[in-house]
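Taking it in order: structure first as structure tokens, then the write-up.
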Amino acid sequence: MKKSLPTWMALAACASFPAHAQVQTDTTIEEMLITATRVEQQAAALPLSWSAINSDALELTGHVHITEAMQRVPGAWISRGNGQESLPSLRSPVFTGAGSCGAFFMAADSISLRAPGFCNINQLFDANTEQASRIEVIKGPATALYGSNALHGVINVISAAPADINNLSVEAGPYDYYRGKYAYGAENGAHGISLRINGTTDGGYKDDSGYDQQKLTARHDYSGDTWNVTSVIDYANLNQETAGFIRGYKAYEDEDLKDSNPNPEAYRDVWSLRAYSRASRALGDAHTLVLTPYLRDNEMEFLMHFLPWQPVEENGHTSLGLQAAVHSELGNWALANGVDIDYTDGWLTEIQDGDFSPNQPAGVHYDYQVDALNAALFSQATWRSGSLELSGGLRLDYTGYDYNNRTGDGPACAPEATACRFYRPADRDDSFTNLSINAGASYALGDAQVVYARLASGFRAPQATELYRLQAGQRVADLDSESLQNIELGLRGELGGALAYDASVYYMEKDDVIFQDSDRQNVSGASTRHHGMELSLDYRFADNWYLNGAASFALHRYDSRVELLGSSGDIKGNDIDTAPRRFGSARLGWEFSADAVAELEWVYLGSHYLDADNEHKYDGHSLLNLRLDSQLTPRWRGTLRVTNLLDEDYAERGDYAFGDYRYFVGQPLGAYVELGYNF
């Protein structure tokens, strides 16, 4: 494993320590949203389903892993692997497989964390979510400003704007967990700066596990007579000793197994860098030009411990991109018209040290480079009159790949191999052109209630790994883009000034789903159906008491007869594996002084199938967490977080594969203490 800089040298920023007047996670009638159009706008009337985790909630949660924060969002479940690894779901099952990450558009300040076609399922660890201003989520296909991968939804991490701040905090927790945070900000005339740094070291609950992680977000804002410019540099580094699945039915309850690590040799090393400048200026009285050039660079190396032959994969890509748009306000009309361009140089190698069998030989399995171009034209329009708002959008999106095989064409095995696992296609070009459409309407029922309806389509082009990392003699992956159609109805608003709510129901059909068939061929053509209901509530039932929660009820099912790898029969109508029908969370908060809050959180995950045949299940679990946050003196602040308060045995994630149950184990009872100083 590569060694990082000493973590104690990286201190992390927390935003200023506000009194938690009310920790909200979703909509109020006045809330603003950036993600839908890349500019700040009133959110209540938007005819789409969205949620936001604000800075108060992020600070109080103090998440060690992003799943702890995202539990506040209905319809979202980020399944934690080991360390900082994750598998996301958003109005969806938890997807696995080479291109499954393509179902979600994950971004920082509306710029994708990874390039189109080069996603990684764990990519949220690239974002400084720990010190974000807020995390915004759109559920279902997004607006026309988002293209490939904005299929099941968007997760957008918003950086903190400049403000006068100078804070330092240190934190300690179980299993040699330590974290430092530092935040500095200042405003001086036309200029403002914001610096957020954090560093973490974790010894790991399981044997031979743990990680070191550092993140930095530096932002400069300039407000001039003609141009306003925001420039951001985002950097993240992770060096992780990875613990693998433990095996056996309910192994997470076995005292001898649950803290063991079957793969002490496993590791993951990742670094990423993103830099951009967003420049805007007025074009007359009605139009605003926004230009955002950006750079994206990242590399990853990890042992594929989940495969018996354990090769090492290295991958990375470098991107240059431009987002350009004109935003117009013309009477009742608001328009956003623009172009997105992203050029990427990506590469991947997979190398195995020792022979496993003739079908999994030592040496180079894959070594390829891909030049990729993603270009799009989009238009999103909104018309408002009185209580009625209508919106619609159109996006034309092109993705092209120029693939160069840098090793021998054909199988990676010797001629005597009977069923070689690895096949390297010859050099080739592939391209995909997609059109997405959305239309919606909202109507204000008085001053504090909004009802809305929405129709939208989304798509994702095949990922590079699905096209060029082939198996079992497949010479060409003839794949189509996945497409999804969504219809939803929603109601949001406030009642009596004490209750804020957001409820939605949706139905989605997904076609040309890419999957691996029983011959290990990457093919298109599967269909799935997804429908459900989501509800969030924020209720202040006394001056110093609040209750908020998020609930999701959904069915995700296979809707075609396909020979899916690992299934043994007709799976049409079956629940998709790792797709709980019910999950959610609730929080009871008590503000026991003007600058102090106690919050008790209940997290629920329902039972769900672990295989496509629906023959093996995980029973689900309920957890309690407790948080206390208090201003101790004018400069000192203290926080106590107790996770898994009842010390439940549970699995963060499970599946059934290779004839056995496999689990990532949830951590037992743990206490985290944080002390912060405001200079």
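Along the sequence shown, residues carry numbers from 1.
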Distance only, no hydrogens: is a donor on one side chain within 3.5 Å (strictly under) of an acceptor on the other, for [X] and [Y]?
X	Y	value
N156	S110	yes
T528	D559	no
E601	N625	yes
E241	Y211	no
D109	S159	yes
R587	N548	yes
S86	N122	no
K510	H152	yes
Q41	T37	yes

Taking [X] first and then [Y], would you say they form a salt bridge - that is, a charged N and a carboxylate O separated by under 4.0 Å?
X	Y	result
R268	E85	yes
R641	E68	no
R91	E534	yes
E31	R134	yes
E599	R72	yes
E253	K258	no
K250	D619	yes
D595	R637	no
D660	R247	no

Testing the basics here: between [X] and [Y], what is the closest heavy-atom pair and its distance to 0.1 Å?
X	Y	value
S607	K617	OG-NZ, 3.7 Å
L484	P141	CD2-CG, 3.5 Å
A671	L640	CB-CD1, 4.4 Å
S51	P74	OG-CD, 3.8 Å
R274	S112	CD-O, 4.2 Å
I121	F95	CD1-O, 4.2 Å

Checklist outcome for this item: Partner of Y618 under ring pair (Phe, Tyr, Trp, His ring centres under 6.0 Å), picked from Y656, F583, Y249, Y252, is Y252
Next on the checklist: If the test is ring pair (Phe, Tyr, Trp, His ring centres under 6.0 Å), which one of F664, Y663, F306 qualifies with F245?
Outcome noted: F664
Item to check | Residue pair V94, W77: steps toward the side-chain contact (heavy atoms from CB on, under 4.5 Å) verdict | outcome: CA-CA 8 Å; V94 168; W77 172 35; 3.6 Å; yes
Checklist entry - Do E171 and Y177 pass the side-chain contact (heavy atoms from CB on, under 4.5 Å) test, and can you show the C-alpha distance, the side-chain angles, and the key distance before you say yes or no? => result CA-CA 8 Å; E171 180 181 355; Y177 177 89; 4.0 Å; yes
Can you tell me if [X] uses its side chain to pair, donor with acceptor, with the backbone of [Y] under 3.5 Å?
X	Y	answer
S552	G75	yes
T639	D629	no
N438	S457	no

Between atom [atom1] of [X] and atom [atom2] of [Y], what is the distance when rounded to the nearest 0.5 Å?
X	Y	atom1	atom2	result
L624	D647	CG	CG	12.0 Å
L491	Y452	CG	OH	9.0 Å
T129	I53	OG1	CD1	9.0 Å
L610	T578	CG	OG1	6.0 Å
Q84	L124	CD	CG	10.5 Å
S79	D655	OG	CG	9.5 Å

Please tell me if the side chains of [X] and [Y] come closer than 4.5 Å, counting only heavy atoms from C-beta onward.
X	Y	value
N149	F104	no
D613	I571	yes
T61	R627	yes
M533	Y506	no
I246	V665	yes
Y205	P174	no
E389	P47	yes
S536	Y501	no

Checklist entry - Which residues pass the ring pair (Phe, Tyr, Trp, His ring centres under 6.0 Å) test with H556, sequence neighbours left out? => result H530
Item to check | Test ring pair (Phe, Tyr, Trp, His ring centres under 6.0 Å) applied to Y661 and H616, step by step | outcome: CA-CA 8 Å; Y661 290 87; H616 305 86; 5.4 Å; yes
Item to check | For R557, salt bridge (charged side-chain N to carboxylate O under 4.0 Å, His left out) partners two or more places apart | outcome: D575
Checklist entry - When you look at OH of Y604, are more than 12 heavy atoms from neighbouring residues, nucleotides or ligands closer to it than 6.0 Å? => result yes
Item to check | side chain to side chain donor-acceptor pair (under 3.5 Å) between Y507 and E488, worked out | outcome: CA-CA 6 Å; Y507 176 79; E488 65 181 292; over 6 Å; no
Next on the checklist: Could you walk me through whether V64 and Y672 satisfy the side-chain contact (heavy atoms from CB on, under 4.5 Å) test, starting with their C-alpha distance in whole Å, then the side-chain angles of each, then the deciding distance to 0.1 Å, before giving a yes or no?
Outcome noted: CA-CA 10 Å; V64 172; Y672 298 81; 3.8 Å; yes
Checklist entry - Should the pair Y650 and H621 be assigned to parallel (<30°), tilted (30 to 60°) or perpendicular (>60°) ring geometry? => result tilted
Item to check | Residues L632, L675; criterion side-chain contact (heavy atoms from CB on, under 4.5 Å); working and verdict | outcome: CA-CA 10 Å; L632 304 175; L675 191 62; 4.0 Å; yes
Next on the checklist: Apply side chain to side chain donor-acceptor pair (under 3.5 Å) to residues N128 and T217 and explain how you reach the verdict.
Outcome noted: CA-CA 7 Å; N128 193 356; T217 303; 3.1 Å; yes
Checklist entry - What do the steps show when you test T35 against E136 for side chain to side chain donor-acceptor pair (under 3.5 Å), and what is the final call? => result CA-CA 7 Å; T35 300; E136 297 182 349; 2.5 Å; yes
Checklist entry - What pairs with E40 under side chain to side chain contact (heavy atoms under 4.5 Å, CB included), at least two apart in sequence or on another chain? => result M32, I34
